[in-house]
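As the structure is a computational prediction, the values presented were derived from the model and not from experiment.
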Amino acid sequence: MRRRTPTNPVDQYIASLAPEKQELAKEVRRIVAASVAHLQETVRWDCACYFFHGPVCYFAPSRGGIHFGFFRGRELSDPKRRLMSRNSLYLHIKVRSLQDIDEKYFGDLVRQAVLLNRA
């Protein structure tokens, strides 16, 4: 009897993206996983989402790349002022190329968001 290998829905989500967006999504995913080890990863609301005592962050395709966003982004310290919102809901960073990715900064934002949910 064949065993089915469970597939991570985020793997499938990333595979469904355009190749140039896959590269960006994989890098953001790697940074999120390296920043906080105990986040739950899933696909919700047509986004790759991360949870710890509630929603923490997400990434989703955009017209020119991906958005890396935070559910409580307005409460985060953003000294580089990279968080933005088009419709004033969830703040996000536009990632159009690998040069837009700042590993230390992104990791700091993820850790801040997790701490907000712990409180």
Side-chain angles (χ1 to χ4, degrees):
M1 180 178 231
R2 282 181 128 180
R3 292 179 124 188
R4 279 195 162 174
T5 306
T7 304
N8 182 321
V10 176
D11 290 335
Q12 292 176 327
Y13 180 80
I14 291 173
S16 73
L17 300 175
E20 65 278 2
K21 293 177 185 182
Q22 286 180 22
E23 183 179 26
L24 301 174
K26 287 176 184 177
E27 186 61 14
V28 168
R29 183 187 195 191
R30 183 192 65 74
I31 292 168
V32 171
S35 300
V36 181
H38 53 272
L39 295 178
Q40 177 192 6
E41 177 183 65
T42 191
V43 175
R44 287 220 185 123
W45 309 298
D46 205 25
C47 301
C49 296
Y50 296 86
F51 291 82
F52 179 77
H53 295 289
V56 174
C57 61
Y58 68 91
F59 63 83
S62 67
R63 194 173 320 146
I66 65 169
H67 287 169
F68 178 42
F70 296 87
F71 292 96
R72 296 178 69 180
R74 296 213 179 279
E75 299 171 67
L76 299 176
S77 170
D78 180 25
K80 293 187 179 184
R81 302 178 60 103
R82 291 193 59 195
L83 291 169
M84 60 180 57
S85 177
R86 188 171 169 190
N87 58 11
S88 74
L89 286 176
Y90 303 119
L91 296 181
H92 62 271
I93 296 172
K94 291 181 180 182
V95 180
R96 294 186 175 114
S97 71
L98 290 174
Q99 289 73 36
D100 291 334
I101 296 174
D102 181 338
E103 184 168 353
K104 182 183 177 330
Y105 193 62
F106 286 15
D108 288 345
L109 291 172
V110 172
R111 285 185 288 276
Q112 278 186 62
V114 167
L115 289 175
L116 284 172
N117 283 358
R118 281 185 136 169

Peer 1: Please report the closest heavy-atom contact between K21 and S62, naming both atoms and the distance.
Peer 2: NZ-O, 2.6 Å

Peer 1: For F70 and Q112, run side chain to side chain contact (heavy atoms under 4.5 Å, CB included): C-alpha distance rounded to whole Å, both residues' side-chain angles, the deciding distance at 0.1 Å, then the answer.
Peer 2: CA-CA 10 Å; F70 296 87; Q112 278 186 62; over 6 Å; no

Peer 1: Please confirm whether the ring centroid of F71 lies under 6.0 Å from the ring centroid of Y90.
Peer 2: yes

Peer 1: If you compare all heavy atoms of I14 against all heavy atoms of A25, which two are closest, and at what distance to 0.1 Å?
Peer 2: CG1-CB, 4.1 Å

Peer 1: Quick one: is the NZ or CZ of R29 closer than 6.0 Å to the six-membered ring centre of Y13, and within 45° of its axis?
Peer 2: no

Peer 1: Do L24 and L98 pass the side chain to side chain contact (heavy atoms under 4.5 Å, CB included) test, and can you show the C-alpha distance, the side-chain angles, and the key distance before you say yes or no?
Peer 2: CA-CA 6 Å; L24 301 174; L98 290 174; 4.0 Å; yes

Peer 1: Mind listing the closest non-hydrogen atom pair of A48 and V10 along with its distance?
Peer 2: CB-CG1, 4.1 Å

Peer 1: Main chain of C49, side chain of R44: is a donor-acceptor contact present, judged purely on distance under 3.5 Å?
Peer 2: no

Peer 1: Taking side-chain contact (heavy atoms from CB on, under 4.5 Å) as the criterion, tell me which of L115, D108, V114 meets it with R111.
Peer 2: D108

Peer 1: Walk me through it: do V32 and E41 pass the test side chain to side chain contact (heavy atoms under 4.5 Å, CB included)?
Peer 2: CA-CA 10 Å; V32 171; E41 177 183 65; over 6 Å; no

Peer 1: When you measure from the side chain of D100 to the backbone of S97, do you find a donor-acceptor pair of N or O atoms at a distance under 3.5 Å?
Peer 2: yes

Peer 1: Go through the steps to decide whether E27 and R30 satisfy the test salt bridge (charged side-chain N to carboxylate O under 4.0 Å, His left out), and finish with yes or no.
Peer 2: CA-CA 5 Å; E27 186 61 14; R30 183 192 65 74; 2.6 Å; yes

Peer 1: To the nearest 0.5 Å, what is the distance between CZ on R63 and CZ on R96?
Peer 2: 9.5 Å

Peer 1: Within the structure provided, determine whether L39 and V110 are in side-chain contact (heavy-atom separation under 4.5 Å).
Peer 2: yes

Peer 1: Kindly indicate, with the supporting measurements, whether the criterion side chain to side chain contact (heavy atoms under 4.5 Å, CB included) is fulfilled by F106 and R82.
Peer 2: CA-CA 10 Å; F106 286 15; R82 291 193 59 195; 3.7 Å; yes

Peer 1: Return the minimal non-hydrogen interatomic distance between D78 and L83, and the atom names on each side.
Peer 2: OD2-N, 2.9 Å

Peer 1: Grab the two heavy atoms, one from V43 and one from P9, that are nearest each other, plus how far apart they are.
Peer 2: CG2-O, 3.5 Å

Peer 1: Less than 4.5 Å apart, side chain to side chain, heavy atoms only: is that true for I66 and V28?
Peer 2: yes

Peer 1: Would you check if V36 and F52 make a side-chain contact, meaning some heavy-atom pair closer than 4.5 Å?
Peer 2: no

Peer 1: Is the backbone N or O of M84 less than 3.5 Å from a side-chain atom of H92, with the two atoms forming a donor-acceptor pair by type?
Peer 2: yes

Peer 1: Kindly give the heavy-atom pair with the smallest separation between L109 and S77, and that separation in Å.
Peer 2: CD2-O, 3.6 Å

Peer 1: In Å, rounded to the nearest 0.5 Å, how long is the span from SG of C57 to CZ of R72?
Peer 2: 13.0 Å

Peer 1: Between Q22 and L17, is there a donor-acceptor pair closer than 3.5 Å when you use the side chain of the first and the backbone of the second?
Peer 2: yes

Peer 1: When you compare the side chain of S85 with that of R74, does any pair of heavy atoms fall below 4.5 Å?
Peer 2: yes

